[in-house]
Amino acid sequence: MATPREQEAADYLRKHKIIELMDNLTSMLFFYRPERPNEFLITQLEQLRVSKMRSLDCPSLFNDTNLDAVLGILDPTNQGHITFVQYKEALTTLGIEKFNECPEGVAKDKISQETFKREAKEGLQRSSATFISK
């Protein structure tokens with residue numbers, strides 16, 4: 001059982017989404033492995049601040065090249081689409097918890113590459129923005 005001080009600290013972290021922020025920054029450090037990690041972190045935090053002020057996209061760990069690589073794995077014969085199960089698994093693997101459960105093409109179980117990339121980008125932006133208080 002947590003002490004009142006521990007509960008207060010946990011509430012503070014939850015309220016200000018500090019854990020999500022630290023998880024995102026740590027992931028970016030491991031992914032990019034910058035020569036100057038302190039400067040890199042400062043730059044990322046500045047970009048978050050600017051994106052909040054100007055309603056711009058938040059810095060994200062994944063870009064178009066990464067999403068193309070995911071699609072290359074899911075659609076190795078380049079049919080131009082993936083199944084709904086692949087779509088859900090890929091988005092979940094990318095760390096996207098909330099995504100469109102009825103994307104374009106779900107009725108035919110053929111989610112186009114364009115739809116997947118759009119949904120992934122939107123989900124990644126929502127995930128990256130979760131720790132930014134509006």
Side-chain angles (χ1 to χ4, degrees):
M1 182 172 247
T3 67
R5 184 72 175 145
E6 290 170 333
Q7 187 60 49
E8 181 182 328
D11 291 344
Y12 178 85
L13 293 172
R14 190 173 16 267
K15 176 182 176 185
H16 296 285
K17 300 178 182 175
I18 302 298
I19 301 298
E20 292 88 344
L21 174 61
M22 295 285 105
D23 283 347
N24 185 278
L25 290 172
T26 302
S27 295
M28 293 177 90
L29 273 176
F30 288 137
F31 183 78
Y32 292 110
R33 298 180 190 262
E35 284 293 318
R36 296 180 171 152
N38 291 345
E39 290 178 23
F40 176 82
L41 290 171
I42 290 168
T43 300
Q44 295 306 309
L45 289 169
E46 288 172 346
Q47 287 178 356
L48 287 171
R49 185 174 57 81
V50 168
S51 68
K52 177 185 173 185
M53 290 174 11
R54 297 185 183 162
S55 298
L56 301 174
D57 289 344
C58 298
S60 178
L61 189 59
F62 298 97
N63 58 27
D64 278 338
T65 304
N66 302 124
L67 296 177
D68 288 337
V70 170
L71 283 167
I73 293 167
L74 297 174
D75 182 19
T77 58
N78 204 22
Q79 296 178 47
H81 64 270
I82 59 175
T83 67
F84 181 64
V85 170
Q86 290 174 310
Y87 163 87
K88 283 176 50 175
E89 287 296 321
L91 294 179
T92 302
T93 300
L94 290 172
I96 301 168
E97 296 175 5
K98 296 179 183 176
F99 52 84
N100 184 357
E101 293 281 346
C102 296
E104 186 179 325
V106 72
K108 294 182 180 181
D109 199 29
K110 292 184 177 181
I111 313 301
S112 72
Q113 292 182 356
E114 294 79 23
T115 298
F116 171 76
K117 285 177 74 171
R118 182 181 65 247
E119 295 290 339
K121 286 178 186 178
E122 290 173 6
L124 289 166
Q125 284 303 312
R126 280 191 307 274
S127 295
S128 294
T130 58
F131 45 79
I132 297 179
S133 302
K134 296 281 181 179

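- Leu91 contributes atom CG, which lies 12.0 Å from atom CD of Glu97 (distance to the nearest 0.5 angstrom).
- When all heavy atoms of Ala90 and Val70 are compared, the pair lying nearest together is CB-CG1, 4.2 Å.
- The number of heavy-atom neighbours closer than 6.0 Å to NZ of Lys110, taken from other residues, nucleotides and ligands shown, is 12 or below.
- Taking OG1 of Thr26 as the start and CG of Leu21 as the end, the distance is 9.0 Å to the nearest 0.5 Å.
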Between Ser27 and Leu29, is the side chain to side chain contact (heavy atoms under 4.5 Å, CB included) condition met? List the steps. CA-CA 5 Å; Ser27 295; Leu29 273 176; over 6 Å; no
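- Contact detail for Leu74 and Gln86: the closest heavy-atom pair is O-NE2, 3.0 Å.
- With values rounded to the nearest 0.5 angstrom, Glu119 atom CD is found 12.0 Å from Leu67 atom CG.
- Residue Leu45 is grouped with residue Phe31 when hydrophobic side chains (ILVMFWY) are merged at heavy-atom distances under 4.5 angstrom, including chains of intermediate members.
- For Glu104, the CD atom is loosely surrounded, since the number of other residues' heavy atoms within 6.0 Å does not exceed 12.
- Here the side chain of Asp75 pairs a donor or acceptor atom with the backbone of Gly80 at under 3.5 angstrom.
- When side chains are defined from C-beta on, Asn78 counts as touching Gln113, because their heavy atoms get closer than 4.5 Å.
- A side-chain contact (heavy atoms from CB on, under 4.5 Å) with Tyr12 holds for exactly one of His16, Arg14, Lys15, Glu8; it is His16.
- Leu94 is not listed as a side-chain neighbour of Phe99, based on a closest heavy-atom distance of 4.5 Å or more.
- A side-chain N or O of Asp11 and one of Gln7 form a donor-acceptor pair less than 3.5 Å apart.
- Within a 6.0 Å radius of CD in Glu101, other residues, nucleotides and ligands contribute more than 12 heavy atoms.
- Annotation: side chain of Lys121 is in contact with side chain of Asp64 (closest heavy-atom distance under 4.5 Å).
- Of all the heavy atoms in Ile96 and Ala120, the pair that sits closest is CD1-O, 3.5 Å.
- When every heavy atom of Ile111 is checked against every heavy atom of Phe116, the shortest pair comes out as CG2-N, 4.1 Å.
- With a 4.5 Å cut-off on side-chain heavy atoms, Met28 and Phe40 count as touching.
- To the nearest 0.5 Å, atoms CG (Asp68) and CD1 (Ile73) are separated by 11.5 Å.
- Atoms SG and CZ, on Cys102 and Phe84 in that order, are 6.5 Å from each other to the nearest 0.5 Å.
- The cluster map of Ile, Leu, Val, Met, Phe, Trp and Tyr, joined by side-chain heavy atoms under 4.5 Å apart, puts Leu13 and Leu25 in the same cluster.
- Under the 4.5 Å side-chain criterion, counting only non-hydrogen atoms from C-beta, His81 is not in contact with Asp109.
- Annotation for Thr115 and Pro103: closest pair CG2-CB, 4.0 Å, computed over non-hydrogen atoms.
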